[in-house]
Amino acid sequence: MTAPLLRATRLTKSFPGVRALRGVGLTLNRGEVVAVIGENGAGKSTLMKILAGVQTPDSGEVQLEGHPVVLDSVLVALRHGIALIHQELNLADNLDVAANIFLGREPLRNGLIDRDRIEREAAVHLKAVGLDVSPRTPVHELSIGQQQLVEIAKALSVQARVLIMDEPTSSLSSGEAAKLFTVIHDLRSRGVSMLYISHRLGEVNALADRVVVLRDGENAGDLERADITHGAMVKLMVGRDLSQFYAHEPHPPGRPVLEVRGLRSRVHPKHAVDFTLRAGEIVGMAGLVGAGRTELLEALFGVTPAVGGSIRVDGQEIQPQSPQEAIAAGLALVPEDRKHQGVILEMAIRDNLSLASLRQDQRRGFLNRVRELALSGEMMSRLRIKAPHDQQVVQFLSGGNQQKVVLGKWLALRPKVLLLDEPTRGIDIGAKQEIYRLMEELSRTGVAILFVSSELEEILGLSDRTLVMHEGRLTGELRRDQLSEEAVMHLATNSSPSPSPLSTPALPA
Amino acid sequence: MRKILGITALLIVVCVITSLASSSFLSAYNLENLIRRTALFGIISIGVAFVIVTGGIDLSIGSVVCLVGCGLPWLLTTHHWSVPTALAAVILVSVGIGLGHGLLITRLRLPPFVVTLCGLLLYRGIARGFTQDQTVGFGSEFKALRSLATGQIPLPFLSGFALPAPWIFLIAVAVLAAIFLNRTIYGRYLLALGRNEDAARYSGINTRRMIVLAYVISSTLAGLGGILFVLDVNSAQPVDFGNFYELYAIAAAVLGGCSLRGGEGTIVGVIVGAALMQVLRNMITLVTTHNNIEFAIIGAVILLGVIADELVKRYAARRRAARALAAEGAG
Amino acid sequence: MRKILGITALLIVVCVITSLASSSFLSAYNLENLIRRTALFGIISIGVAFVIVTGGIDLSIGSVVCLVGCGLPWLLTTHHWSVPTALAAVILVSVGIGLGHGLLITRLRLPPFVVTLCGLLLYRGIARGFTQDQTVGFGSEFKALRSLATGQIPLPFLSGFALPAPWIFLIAVAVLAAIFLNRTIYGRYLLALGRNEDAARYSGINTRRMIVLAYVISSTLAGLGGILFVLDVNSAQPVDFGNFYELYAIAAAVLGGCSLRGGEGTIVGVIVGAALMQVLRNMITLVTTHNNIEFAIIGAVILLGVIADELVKRYAARRRAARALAAEGAG
Amino acid sequence: KPASDSAGGSGSGGGKKKIAFVSNGVASFWTIAGAGVKAAGEKFGVDAETLMPVEGISDQKRIIEDLVTRGIDGIAVSPIDPANQTDLLNRAAKRTHLITHDSDAPASDRELYIGMDNYSAGRLCGDLVREAMPKGGTVMLFIGRLEQDNAKRRRQGVIDAILGRPANPANYDAPGTILEGNGFKILGTLTDQFDRAKGKANAEDALAKYPDLGCMVGLFAYNPPLMLEALGQANKLGKVQVVAFDEDDATLEGIQKGHVHGTVVQNPYMYGFKSVEILSELAKGNASVIPASKFIDIPARQIRKATVDEFWTDLKAKTGAKK
Ligand SMILES: Nc1ncnc2c1ncn2[C@@H]1O[C@H](COP(=O)(O)OP(=O)(O)OP(=O)(O)O)[C@@H](O)[C@H]1O
Ligand SMILES: Nc1ncnc2c1ncn2[C@@H]1O[C@H](COP(=O)(O)OP(=O)(O)OP(=O)(O)O)[C@@H](O)[C@H]1O
Ligand SMILES: [Mg+2]
Ligand SMILES: [Mg+2]
């Protein structure tokens with residue numbers, strides 16, 4: 001019997017104060033797609049970084065085709081044919097697309113960079129991932145989703161034997177994701193092996209030949225193709241059954257709280273947006289990446305003030321020019337980019353939780369420490385934030401717990417309207433559920449909730465009503481009884497319904 | 001507090017060495033001088049610390065010291081303004097300079113380095129212009145005013161030693177600054193935006209106004225420093241008055257634990273940093289017979305200080321990690 | 001290219017104004033002088049541009065100029081070293097300094113501002129130490145060596161005008177630097193890591209080595225600059241030789257389109273920036289009768305330059321957005 | 001007068017007396033003075049050291065304070081801004097012996113002044129200009145900086161002598177104005193803040209601006225050599241008159257070659273030597289060395305081609321021929 005292409009045995013890795021991996025093993029055969037799943041902080045990314053030579057393990061061994069290898073730098077891993085698409089975007093956005101794709105591996109002619117060849121070959125890889133931009137486009141001009149596709153093209157250009165993808169779809173639209181899945185199928189048929197990480201179990205179900213589950217830095221079990229079911233995966237990940245995924249009960253809508261009329265955002269000033277949010281409602285907002293949903297929320301919240309239209313909160317007209325004004329009117333926003341806009345990574349949990357309510361709790365400009373302490377105690381328990389104490393810096397929390405800190409920050413202010421932009425992106429299934437539970441709880445107390453999501457199952461499961469956007473325009477509104485994948489996709493692409501099964505990997509009911 | 005342990009230890013070591021090498025070091029007269037100098041540099045260093053906390057930089061401090069230091073005697077002796085008017089004028093100019101920096105940085109999004117570098121060139125140039133490159137000073141006038149910087153406050157139980165007046169200013173500034181930074185919501189806002197400006201803005205903080213405030217504090221304290229410096233020295237030459245003081249101030253702030261990446265800083269640390277620089281210079285004059293390697297020594301000590309600090313931090317982190325793992329293994 | 005349009009326009013405007021105000025401006029003699037000075041400052045500015053591209057800063061340039069500028073005549077006249085040995089020695093020292101900076105910054109992760117600030121204090125201090133604060137110079141010796149800086153190369157078709165020798169150095173340095181930055185993988189690595197160090201590292205680039213390289217280039221060109229400066233001036237006083245040159249160099253680089261946030265920079269722009277500073281100083285001497293407001297004018301022009309640049313950029317962006325909208329509306 | 005201090009510690013008592021010589025900045029001029037300080041220290045059996053402040057007036061203040069702290073037995077200082085340093089000097093004079101050199105502070109309690117009158121020295125220099133250009137012409141002045149009292153007075157002396165005004169040290173002409181008279185036109189005064197590249201650029205720019213410039217006068221020691229550099233590169237050596245101040249080697253060599261008409265030299269060596277001599281006597285309690293005028297004159301001299309060799313040889317002998 002031939003040795004597997006890649007075999008890792010008893011890998012351990014510690015960071016100051018954390019054991020990210022303890023004796024983890026993994027095998028990957030030729031032409032196989034193995035999904036690695038686990039909760040936030042389970043050690044998935046750490047394992048991948050070790051395999052790609054970004055980090056070196058404290059102990060353990062990696063074998064390629066039966067021969068031990070020392071992957072002590074990215075370059076070595078690349079030479080062995082191992083390429084990694086990182087969880088975070090890692091592009092130099094001052095350079096153009098072609099330069100990024102070949103960064104570190106530039107072909108030379110007479111000792112100088114062979115630009116023609118780079119551009120020519122980059123174009124081929126861009127085509128493969130279905131990104132229709134010139135190789136000479138500066139990366140900073142691309143949307144996040146497009147940048148993610150550039151990352152994928154970059155990994156493809158390595159011609160790797162082992163391609164590792166760490167949450168590649170977290171910022172892709174379903175259309176873009178569908179293209180990626182085609183690419184994956186194609187690569188597999190050509191004998192390329194892939195490690196695939198995702199929190200979207202639907203994707204895993206659709207793609208994986210085998211599933212490896214990590215829990216707290218250890219192997220929690222493997223699932224062969226035949227055994228891959230949603231329930232089995234969840235059970236291995238969290239160590240118990242999670243009863244029901246979406247506990248949705250319709251909410252009787254109350255008085256109108258947020259009325260938006262003719263709102264024009266700066267990026268899409270031509271399109272006026274109208275909608276109303278009622279107390280106690282959960283409204284989902286669907287659309288493809290770049291449809292302008294973030295832009296709309298940011299206009300409501302005063303981050304990039306709207307260029308026209310009116311916003312009323314409880315009948316009061318407001319024109320927020322800054323988040324400060326929006327907050328004063330009773331709005332709160334959980335932003336899309338958690339690490340850059342949501343939390344202050346190097347500050348303690350307590351300081352993050354109190355940041356927005358300092359002004360309200362101040363005593364003539366002085367901090368109210370008693371109130372701060374009480375608040376953080378309350379939020380830590382109410383949101384079940386997992387941390388040893390509230391002086392822990394947020395940096396060391398898992399994504400889900402970081403997101404809970406962001407939510408806690410706003411709950412302290414008792415907002416009338418809660419805006420959530422991709423609230424569960426990159427968050428594990430346990431934490432997701434807690435966030436859903438919290439949304440339900442808030443809506444029962446009369447808070448109006450508008451949440452943007454690119455995960456259709458989330459929209460389908462949670463919302464009382466769904467708004468769909470396409471290129472800066474509100475293309476439709478679906479009541480719960482009208483809600484279906486096809487209907488949403490139809491409005492999101494603004495085209496006739498053409499349901500494509502792979503584009504939105506459906507959950508087993 | 002942990003952050004300033006290293007620098008405080010270094011200060012103590014330098015003091016001990018100097019007092020062993022020179023019996024004059026601990027004389028009342030020398031201590032008075034040292035305290036006065038530390039106070040003057042401490043005030044401008046606290047100012048720049050606020051800007052550094054926001055992740056910015058202020059290179060114009062020395063030139064503001066020059067502008068104010070030349071402007072005050074010029075207004076008083078050449079133009080015969082009254083003392084309160086002249087003081088108000090130079091303070092107002094300092095505030096205005098900070099406001100200008102802050103607005104250029106927050107509204108036009110110009111890099112702080114560039115804005116304040118231009119300030120460095122501009123304000124000294126202006127001082128040279130209006131004084132016509134003449135030395136300005138108070139001569140033997142304005143004794144009362146000058147006692148703000150040169151005055152001595154006798155202490156009840158210590159005969160032979162009197163507290164230099166600038167120390168009162170430093171203590172007042174330091175206490176206010178420490179309360180502001182650690183006890184008010186504005187201080188918290190500064191620390192937060194220094195770490196992550198976007199997140200602070202998304203939390204409803206008017207980050208622009210806070211950044212402007214930091215530059216205003218920096219320039220105003222530089223102005224106050226300029227006033228005290230010229231009252232102490234009694235004369236100012238626009239060409240070199242306050243030259244390089246921005247670097248000393250920044251060095252003191254950094255030594256005292258302010259990170260140039262923003263979001264970190266303690267006022268006590270800044271004062272310790274300023275004191276260290278002054279004690280070093282004092283040591284070189286007291287202990288050696290040539291003062292031309294003074295700067296080499298200051299540079300070397302700062303460098304060794306930050307290197308040692310870094311190495312100690314790493315060692316401590318490794319120890320802590322090892323302990324944590326051992327505990328886990330045992331538990 | 002778009003980025004340096006503004007600064008080039010400003011240079012042209014200043015040149016036109018000066019040549020209208022003073023008939024001497026366009027004289028061959030004045031142009032030769034201007035070209036020589038631009039070449040000297042251009043060389044050190046190109047050096048610091050490499051560091052700025054990585055997102056770092058080098059404050060030690062003026063002191064390296066001082067160390068080398070004093071060291072070379074000291075070795076030659078006091079210690080009677082041979083010319084090649086002395087040249088090799090000072091260049092080696094410059095390279096070593098850059099290496100030291102780079103290693104401290106990449107291995108110990110010390111902030112570049114702090115490391116090079118210590119360098120600023122240290123190297124000048126060392127120069128003052130070994131020269132014992134004496135002025136050093138070549139007297140009337142070493143004519144051949146000095147012609148590296150003072151020599152003139154007659155041009156075939158332009159009588160009355162001869163190209164100053166430092167220009168050759170500048171052109172050589174600039175061409176090599178431009179090719180290095182834009183056409184080789186190392187330049188691309190520098191640009192990439194200046195914007196996103198992680199991205200570069202994850203692409204298999206040895207970012208530490210590249211950063212060290214940038215500091216070595218900066219110090220080496222500062223050393224070359226120091227050699228040419230002292231050969232041109234013929235004497236150096238360690239206390240003030242090269243004082244503030246780091247600020248001029250950084251200002252030239254920033255004027256020329258280098259972003260202090262890293263990842264951006266063009267060599268041509270840096271030269272234009274250096275030329276602008278020299279033309280401004282020249283203008284002040286030629287057109288006015290007092291040169292004491294020189295720095296005020298330089299500061300003001302740089303500030304207005306960056307403000308105008310920013311406003312023009314914003315205006316252009318708004319225009320483009322409006323045009324795009326109109327086109328979309330029509331389509 | 002208290003012989004020593006109360007605050008300082010170890011200073012007086014047994015062992016050698018300690019004397020400090022404080023300059024107003026860093027320059028070769030002060031290195032020559034330093035040689036005098038050293039020679040006198042050996043001759044009179046005292047510890048004599050030379051200190052040069054780098055950062056101007058506040059640095060000088062710090063140095064004096066620290067010297068007093070050290071319990072120094074005598075300080076000779078060249079005050080940068082005498083009018084405004086009275087307090088500082090008086091405070092030091094209370095604790096130790098204090099004299100001034102090079103630049104006087106008559107309003108203070110200093111015990112005496114050793115030096116020359118910068119205004120008269122400036123006039124000597126102006127006379128050299130008139131000698132070099134009997135028919136008059138255009139003149140440009142170059143100087144490090146103008147804030148210092150000695151620089152101001154020196155420049156004024158040059159101007160007054162060239163324009164043929166009667167001696168009046170209280171005159172003052174602002175640097176930006178063009179002055180005419182006596183067949184001469186003084187086109188301006190360029191400063192360089194001790195930046196030598198700038199000093200050279202000033203000379204070059206002056207040559208560019210006034211292609212028919214008659215005479216360049218360099219008033220700080222390093223200015224004439226820079227002017228000679230600029231002239232050499234412009235091929236104008238000998239075509240433009242040069243009048244110098246102080247005794248830089250390049251200046252003296254220029255006089256030998258006929259490129260410099262002449263220079264006015266002070267006697268820094270004697271400043272240093274005499275200061276230490278006086279202070280060591282004072283420290284021993286011998287106050288009789290103080291003349292009634294409280295002024296020891298060490299006059300400036302004009303050096304021309306005829307006298308340059310002799311002067312240079314003597315200078316080399318005194319400074320130990322460092323170059
Ligand atoms: N550079 C680092 N320094 C310190 N701790 C780290 C570092 N990288 C990872 N960790 C910690 O190691 C553990 C595993 O992290 P890892 O990123 O591998 O998790 P993950 O499974 O990829 O989670 P996610 O689903 O959120 O991406 C976490 O507790 C994390 O906080
Ligand atoms: N600050 C900006 N400047 C210019 N264009 C922008 C800016 N922000 C967003 N855009 C562009 O506006 C469009 C809408 O972006 P937006 O982020 O609002 O989309 P979205 O629907 O929220 O997508 P996502 O699913 O990624 O959140 C995109 O084409 C994007 O590239
Ligand atoms: Mg991960
Ligand atoms: Mg979005």
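Per chain, numbering begins at 1; letters A, B, ... match sequence-line order.
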With a 4.5 angstrom heavy-atom cut-off, is it the side chain or the backbone of C:V233 that approaches chain D, or both, or neither? both

So do the side chains of D:V158 and D:I186 get within less than 4.5 Å of each other, counting heavy atoms only? no

Does the pair D:D192/D:R196 count as a salt bridge with the N-to-O cut at 4.0 Å? no

Is a side-chain donor-acceptor pair under 3.5 Å present for C:Q278 with C:N282? no

Closest non-hydrogen contact found for C:T131 with C:P238 is OG1-CG, 3.1 Å

Checking heavy atoms, do the side chain of C:S235, its backbone, both or neither come under 4.5 Å from chain D? both

Are there more than 12 heavy atoms of other residues, nucleotides or ligands under 6.0 Å from atom CH2 of C:W81? no

Closest non-hydrogen atom pair between D:L187 and D:M140, with its separation: CB-SD, 3.7 Å

Which residues, numbered in order, of residues 223-244 of chain D come under 4.5 angstrom of chain C by heavy-atom distance? D:L226, D:E229, D:A230, D:Q233, D:A234

Does D:K200 pair with D:E204 as a salt bridge, N-O distance under 4.0 Å? yes

If every non-hydrogen atom of C:E246 is compared with every non-hydrogen atom of C:L59, which pair is closest and at what distance? CG-O, 3.3 Å

Do D:D205 and D:K209 sit within salt-bridge range, that is, some charged N less than 4.0 Å from a carboxylate O? no

Under 4.5 Å from any heavy atom of chain C - which part of D:A250: neither

Those residues of residues 256-267 of chain D, ordered by number, that approach chain C below 4.5 Å (heavy atom to heavy atom): D:K257

Chain D contact via C:Y245 - side chain, backbone, both or neither, heavy atoms under 4.5 Å: side chain

May I ask you to check if C:R146 and C:F138 form a cation-pi contact, with NZ or CZ under 6.0 angstrom from the six-membered ring centre and within 45° of the axis? no

Please name the residue in the list D:F29, D:Y269, D:W30 that meets the ring-ring contact (aromatic ring centres under 6.0 Å, His included) test with D:H101. D:W30

Does D:K61, at its NZ atom, have more than 12 non-hydrogen atoms belonging to other residues, nucleotides or ligands within less than 6.0 Å? yes

Check each atom of C:A28 against the heavy atoms of chain D and say whether the ones under 4.5 Å are side chain, backbone, both or neither. neither

